[in-house]
Amino acid sequence: LNPHRNKGFLANQKVTTRAGYYFYPKAGFIYADSILLDSYFFVDLDDENDISLVQEDGRKIIKHLENREEIVLDKIRFSGTHGVHLIYKRSQKIEILNPIDRIKVYKAQNERIANELIGLGLKTIDKNHLMIMKDIFRVCAVPYSIKAKSEGIVQPININDFMTKNINNI
């Protein structure tokens with residue numbers, strides 16, 4: 001289901017039940033929420049040598065974005081390797097029926113926020129990390145999953161602990 005190829009699916013077809021009854025579902029994009037159930041602003045911070053730099057940059061981002069109306073910090077996770085994931089959820093789902101148009105709005109929002117973060121002087125973000133932040137179809141590892149290469153475990157981090165404690169002691 002590549003939304004850039006199929007342009008959604010406008011439903012107005014006849015549905016017949018086993019009992020022989022039929023009805024017409026409400027016209028509209030019935031696959032819209034299959035294509036884009038929700039979209040997060042996903043921040044991936046890494047440093048192979050010093051995880052305290054990851055925490056420092058993470059704190060800067062959290063403080064910078066804390067009063068935003070459109071997104072709110074939902075989760076922080078140790079990535080299982082050398083970093084942290086900050087996962088921001090949308091405060092309100094955009095009520096746009098056409099999934100292609102909704103995708104464009106979310107993508108523009110992610111790009112605007114990612115470009116804004118460039119000005120914070122972050123040490124753990126490069127071009128690849130910016131592309132990750134702008135990608136609305138980004139997926140992240142499930143908590144307590146094990147990374148194949150490092151065998152590290154993806155672990156949730158309490159937001160208050162992340163902001164107040166040394167990451168090496170969490």
Side-chain angles (χ1 to χ4, degrees), residues 1-6 31-94 99 102-170:
L1 284 176
N2 182 336
H4 302 291
R5 285 198 200 134
N6 66 18
Y31 289 135
D33 287 331
S34 295
I35 293 171
L36 186 60
L37 286 170
D38 204 352
S39 178
Y40 289 87
F41 182 69
F42 179 79
V43 180
D44 181 20
L45 304 168
D46 297 297
D47 190 290
E48 292 190 25
N49 301 315
D50 189 359
I51 196 147
S52 65
L53 290 177
V54 171
Q55 185 177 31
E56 181 182 318
D57 281 359
R59 287 174 175 170
K60 283 181 187 177
I61 292 170
I62 291 167
K63 286 178 184 173
H64 182 77
L65 297 177
E66 70 184 344
N67 294 320
R68 288 299 175 102
E69 290 185 17
E70 70 265 30
I71 58 173
V72 62
L73 183 61
D74 187 42
K75 299 172 183 77
I76 301 177
R77 293 186 187 140
F78 171 64
S79 69
T81 52
H82 308 286
V84 168
H85 298 155
L86 305 178
I87 303 166
Y88 285 84
K89 67 180 180 178
R90 310 283 173 186
S91 299
Q92 293 182 337
K93 186 170 183 176
I94 296 172
R102 191 172 353 146
I103 288 166
K104 288 176 184 175
V105 170
Y106 281 144
K107 184 173 178 144
Q109 191 178 61
N110 280 16
E111 287 178 356
R112 183 176 39 78
I113 296 168
N115 289 335
E116 195 177 293
L117 295 180
I118 294 170
L120 297 180
L122 305 170
K123 300 171 191 150
T124 58
I125 289 184
D126 57 19
K127 285 184 180 184
N128 182 51
H129 290 95
L130 285 172
M131 294 303 295
I132 290 170
M133 285 188 270
K134 293 176 183 182
D135 183 357
I136 61 168
F137 294 106
R138 181 60 49 184
V139 295
C140 59
V142 177
Y144 305 107
S145 59
I146 300 171
K147 295 288 189 149
K149 290 182 183 178
S150 68
E151 296 184 2
I153 300 172
V154 177
Q155 297 179 43
I157 299 174
N158 177 283
I159 295 170
N160 188 50
D161 288 348
F162 185 79
M163 295 303 287
T164 59
K165 297 180 180 177
N166 182 309
I167 196 161
N168 295 305
N169 300 326
I170 298 175

Rounded to the nearest 0.5 Å, what's the gap from [atom1] on [X] to [atom2] on [Y]? Could you check?
{"X": "Leu45", "Y": "His85", "atom1": "CG", "atom2": "NE2", "answer": "8.5 Å"}
{"X": "Ile132", "Y": "Asp126", "atom1": "CD1", "atom2": "CG", "answer": "8.0 Å"}
{"X": "His64", "Y": "Ile61", "atom1": "NE2", "atom2": "CD1", "answer": "9.5 Å"}
{"X": "Ile87", "Y": "Asp74", "atom1": "CD1", "atom2": "CG", "answer": "7.5 Å"}
{"X": "Ile113", "Y": "Leu65", "atom1": "CD1", "atom2": "CG", "answer": "6.5 Å"}
{"X": "Arg90", "Y": "Tyr40", "atom1": "CZ", "atom2": "OH", "answer": "10.5 Å"}

- Query: Going through the checks in order, is the side chain to side chain contact (heavy atoms under 4.5 Å, CB included) test met by Leu122 and Lys60?
  - Reply: CA-CA 8 Å; Leu122 305 170; Lys60 283 181 187 177; 3.9 Å; yes

What are the two closest non-hydrogen atoms of [X] and [Y], and how far apart are they?
{"X": "Ile167", "Y": "Phe162", "value": "CD1-CE1, 4.0 Å"}
{"X": "Ser79", "Y": "Val154", "value": "O-CG2, 3.4 Å"}
{"X": "Ser150", "Y": "Thr81", "value": "OG-CG2, 3.3 Å"}
{"X": "Lys134", "Y": "Ala114", "value": "CG-CB, 3.9 Å"}
{"X": "Cys140", "Y": "Phe42", "value": "CB-CE1, 3.2 Å"}
{"X": "Ile170", "Y": "Lys165", "value": "CG1-CB, 4.0 Å"}

- Determine whether Gln109 and Ile136 make a side-chain contact, defined as any pair of heavy atoms from C-beta on separated by less than 4.5 Å. no

Heavy atoms from other residues, nucleotides or ligands near [atom1] of [X] exceed 12 (cutoff 6.0 Å):
{"X": "Lys107", "atom1": "NZ", "answer": "no"}
{"X": "Ile159", "atom1": "CD1", "answer": "yes"}
{"X": "Met163", "atom1": "CE", "answer": "yes"}
{"X": "Glu66", "atom1": "CD", "answer": "yes"}

Would you confirm whether [X], through its side chain, and [Y], through its main-chain N or O, come within 3.5 Å as a donor-acceptor pair?
{"X": "Asp57", "Y": "Lys123", "result": "yes"}
{"X": "Asn115", "Y": "Glu111", "result": "yes"}
{"X": "Asn110", "Y": "Phe41", "result": "no"}

- Task: Could you tell me whether the side chains of Asn160 and Asn158 share a donor-acceptor contact shorter than 3.5 Å?
- Result: no

- Message: The test is side chain to side chain contact (heavy atoms under 4.5 Å, CB included); show your working for Ile76 and Ile62 and say whether it passes.
- Response: CA-CA 10 Å; Ile76 301 177; Ile62 291 167; 3.8 Å; yes

- Go through Val43 and Met133 one step at a time and tell me if the side chain to side chain contact (heavy atoms under 4.5 Å, CB included) criterion holds. CA-CA 6 Å; Val43 180; Met133 285 188 270; 4.0 Å; yes

